[in-house]
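Worksheet: one structure, shown below.
Computed from a prediction, not measured in an experiment: that's the story for all the values here. Scope of the values below: all heavy atoms of this structure, side chains included, with no hydrogens, waters or symmetry mates.
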Amino acid sequence: MWEETRKSGVKWQQLEHKGPYFTPAYEPLPDGVHFFYDGKPVQLSLAAEEVATFYGKMLHLECTTKEVFRRNFFSDWRKEMTAEERKLITHLDKCDFTEIHRHFMERAEARRTLPREQKQKLKEEAEKLQQEFGYCVLDGHREKIGNFKTEPPGLFRGRGDHPKMGMLKRRVMPEDVVINCSRDSKIPEPPAGHRWREVRSDNTVLWLAAWVENIQNSFKYIVLNPSSKPKGEMDWQKYEVARRLKGVVDKIRAQYQADWKSPEMKKRQLAVALYFIDKLAPPSNSLALRTGNEKEEGETADTVGCCSLRVEHVRLHAPSAGGQGHVVELDFLGKDSIRYKNHVTVEKLVFQNLEHFMEDKDPKDNLFDALTPGGKHGSVQADIVLEKELNVLDLDPQAAGSECTSSLNKHLQDLMEGLTAKVFRTYNASVTLQEQLRVLTRGFQISLFQKEMTGPGIALGLLCLTQKDIVQPPQEAEDSLTCKILAYNRANRAVAVLCNHQRAVPKTFEKSMQTLQKKIEAKKAQVAEARVELQKAETDLRMIGDHKPKSIDVATCRQLKSTPYALRGGVVPSGYFENATPCGSESQHILDSIRVATSGVLQKQRRLLKLEEQLARLRAKATDKEENKQVALGTAKLNYLDPRISIAWCKRFGVPVEKIYNKTQRERFAWAFNQAGEDFEF
DNA sequence: TTATTTACTTAGTATCAACTCT
DNA sequence: AGAGTTGATACTAAGTAAATAA
């Protein structure tokens, strides 16, 4: 069934929806808010004012200080001005948006501090909108839509050094929007006085509406929510492909390793490129690069992936006397201009190949030039020929990627149906999670077993200690749950590191770390204090023994020794009462005071344990926080880790899935829940 | 072939909402 | 109750890769 739909490309039979919700029209600034030029208030035309507010709203953001941003903004803004405005406003430096900025900050603040009922009202209105526009009917099921609103107009915020940052992103109009729905469904109504660009019925795609965005001239789509059935199905298939890779990955690796020795330059480059994409050697010797498609120069930030790597991104470190092995250093800006910097030990053959690939090239030349059309190794068959061709140096050194990625993917397709470069990231990520979970929680099942055998329920003394006096194993269940979750996060983090998922250090990081440290110090003090108190209680108990050891009869002595306290190697030394003589009624009194003193010791002991636990938990939290400082776990969790691995692990270790996946995530992974038994293996 | 277009996944950040602590 | 934290969500940019056009 799935096979058929995949082959035919048909994705639905019925699709009905209300079309996108459009950004409300621009609301002019209130009378009291002014824009100033050269110190004088200027009443702008509506269009120019709107664009001015886009900039004013962003005044606190770093991008407004960037020259490219300011230049692009100013140039686009001037296009929206009237002739007079354009004549007057010639320098951005003379523009004063501070009143506009203050206005929007105050408005946001006002909304935050709205009384509870008004907030409730806003929430209800949002919910109404969601109900009206946020769902569609797909093959008889009501499915949630991911983004049912068109993107509002504003200033483009590219990441990294984006040449187009600050450009005006135009308002989307119904006339821009193509609607996709089934022919016989209720066709969505365009807003009054407008019409759609087109209404079509293409059931080989999943989008509901689309428009062309004016910055990059690319499509934007209204699509389904990840919780929807078709999205879930695709997610599932993605992991199934990755699992099939597991079956052939050894063969593939053997082959590309063999290809490192191929006489054909192209083959060797392909083999090394694939190695860069695949190499997995935890904990810190993996590469896991993205494919690195070609990008149009000047249209986007200069970022690269495997196929678009340039010589300048690679450094080779020959084996040193210290015996470091062959090390490759990669340093480049990857997706989202996130820096990828890594030292990795590689096989000698890889190293030699790289030396060869880099020979006689400029830093700006492509590393894998034989896989790109204009590269100097491009059409060369063998090294021997290559050596004679060295004069073909400056043939378009910039040409990158597309040829490389498509030949790479074509090669992979031959090795396994459905295999592409990005599958390696999915595969390596999921396999790493599974393995790390195994390693990091290896101890837990054993300790559960031990608990059964030696648990707390052993015979207690007859000192009439009440149940609560028994030293409980320190809240085992809860404590081990904390440990398990910490272990899960560690495993998750290993994958995030593998995939280089970074985030900006949270603005509040230092401060909240400090408060946490303070808490730890306070807890340490409490622990020390509790320890002193325990010692004092122990001395008290011993004192009773010192003063009246003889008063205890033999039977009581036995009882005493069998109390949990004595058994724990406490302060009453074994044999301490051995020579006590029977002394009848007096022993009852002694027994009483010992009971009280013992109970005191037990109480102090419990308190100490509890505090020590709290301290341990705080320390764990601090570790977790520190390790997470620059690592984003969410991306791996959402896009790379087969949820069935986590679900199976939860079942095996008795961890409630809610501790791992929040509500949205459980909805997103709904497809996985009835699939993964506790013995699921990726 | 090679370049362009299209459709979909992957990504980090800003903001919003909920919760914790004082 | 209000401030401060934290977690969740909304948002949309930036990739991948297949399909299509030239």
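- If you check every strand for non-hydrogen atoms under 4.0 Å, A:F156 touches sugar and phosphate atoms only.
- Shown here for A:S430 and A:I645, the closest heavy-atom pair between the two residues is O-CD1, 3.4 Å.
- Heavy atoms of A:S218 sit nowhere under 4.0 angstrom from any nucleic acid atom.
- Minimum atom distance to the side chain of A:K511 is reached by C:dT5, of the listed B:dC8, C:dT5, C:dT12.
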From CA spacing to verdict: side chain to side chain contact (heavy atoms under 4.5 Å, CB included), A:V51, A:D76: CA-CA 9 Å; A:V51 180; A:D76 277 6; over 6 Å; no
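- Residue A:K637 is classed as having no contact, given no heavy-atom separation below 4.0 Å to the nucleic acid.
- Heavy atoms of A:T508 sit nowhere under 4.0 angstrom from any nucleic acid atom.
- Annotation: of the two residues near DNA chain B, A:K119 and A:K231, the 5′-most nearest-nucleotide partner is A:K231.
- The A:A421 side chain lies nearest to C:dA17 when the options are C:dA17, C:dA13, B:dA14.
- Proximity of A:N147 to the phosphate of C:dC11: no side-chain N or O atom is located under 4.0 Å from OP1 or OP2.
- Between A:K123 and B:dA18 there is a side-chain polar atom (N or O) within less than 4.0 angstrom of OP1 or OP2.
- In this structure, of B:dA14, B:dA11, C:dC11, it is B:dA11 that holds the atom nearest to the side chain of A:R159.
- Residues A:L61 and A:R290 each lie close to DNA chain B; by heavy-atom proximity, the contact nearer the 5' end of the strand is made by A:R290.
- Residue-level contact check: A:G634 touches neither bases nor backbone, having no heavy atom under 4.0 Å from any strand.
- Using a cutoff of 4.0 Å between basic side-chain nitrogens and carboxylate oxygens, A:E240 and A:R244 are not scored as salt-bridged.
- Looking at heavy-atom distances under 4.0 Å, A:T204 makes contact with sugar-phosphate atoms alone, never a base.
- The residues A:E521 and A:K518 are annotated as not salt-bridged, no charged nitrogen and carboxylate oxygen being separated by less than 4.0 angstrom.
- Using a 4.0 Å heavy-atom distance criterion, A:P226 is classed as making no nucleic acid contact.
- Nucleic acid contact for A:G334: sugar-phosphate only, since backbone atoms but no base atoms lie under 4.0 Å from a heavy atom of the residue.
- One interatomic measurement links the two molecules: CD of A:E127 to C1' of B:dA17, which rounds to 15 Å at whole-angstrom precision.
- Not one side-chain nitrogen or oxygen of A:H501 sits closer than 4.0 Å to the OP1 or OP2 atom of B:dT10.
- The CD1 atom of A:I222 sits 14 Å away from the C1' atom of B:dA7 (whole-angstrom rounding).
- Look at A:K335 and you won't find any side-chain N or O under 4.0 angstrom from OP1 or OP2 of B:dT10.
- Contact annotation for A:K238: backbone-only contact, meaning every heavy-atom pair under 4.0 Å involves sugar-phosphate atoms and none involves a base.
- OP1 or OP2 of C:dT6 lies within a sub-4.0 Å distance of a side-chain N or O belonging to A:K625.
- Contact annotation: A:K295 side-chain N/O to C:dG15 OP1/OP2 distance is under 4.0 Å.
- Between A:Y221 and A:W207, the two ring planes are tilted [angle within 30° to 60°].
- Closest to the side chain of A:K220, out of B:dG12, B:dA14, C:dT12, is C:dT12.
- Among the nucleotides C:dA18, B:dT15, B:dA11, the one closest to the side chain of A:H60 is B:dT15.
- Between A:Q216 and C:dA13 there is no side-chain polar atom (N or O) within less than 4.0 angstrom of OP1 or OP2.
- Here A:A210 lies out of heavy-atom contact (under 4.0 Å) with every strand.
- Looking at the side chain of A:E403, the nearest of the listed nucleotides B:dC8, B:dG12, B:dT2 is B:dT2.
- Phosphate contact (OP1/OP2 of C:dA17, side-chain N/O of A:T291, threshold under 4.0 Å): present.
- Between B:dA11 and A:Y640, a contact under 4.0 Å exists linking OP1 or OP2 to a side-chain N or O.
- Nearest nucleotide to the side chain of A:R503, out of B:dT13, B:dA7, B:dT10: B:dT13.
- One finds a salt bridge joining A:R490 and A:E627 here, because a Lys/Arg side-chain nitrogen approaches an Asp/Glu carboxylate oxygen to under 4.0 Å.
- A:E109 and A:R112 are joined by a salt bridge, as a carboxylate oxygen and a charged side-chain nitrogen come within less than 4.0 angstrom of each other.
- Residue-level contact check: A:L206 touches the backbone only, with heavy atoms under 4.0 Å from sugar-phosphate atoms and none from bases.
- Side-chain proximity of A:T420 to B:dA11, C:dT12, C:dA17: nearest is C:dA17.
- Of the listed nucleotides (B:dG12, C:dA18, B:dT6), B:dT6 has the atom at the smallest distance from the side chain of A:F219.
- The minimum heavy-atom distance between A:L367 and A:Q269, with the atom names listed, is O-NE2, 3.9 Å.
- For A:I338, whose side chain is taken as the heavy atoms from C-beta onward, the closest listed nucleotide among B:dG12, B:dT2, C:dT6 is B:dG12.
- Side-chain N/O atoms of A:N662 include one lying less than 4.0 angstrom from OP1 or OP2 on C:dA8.
- At a threshold of 4.0 angstrom between heavy atoms, the contacts of A:R111 with the nucleic acid are absent.
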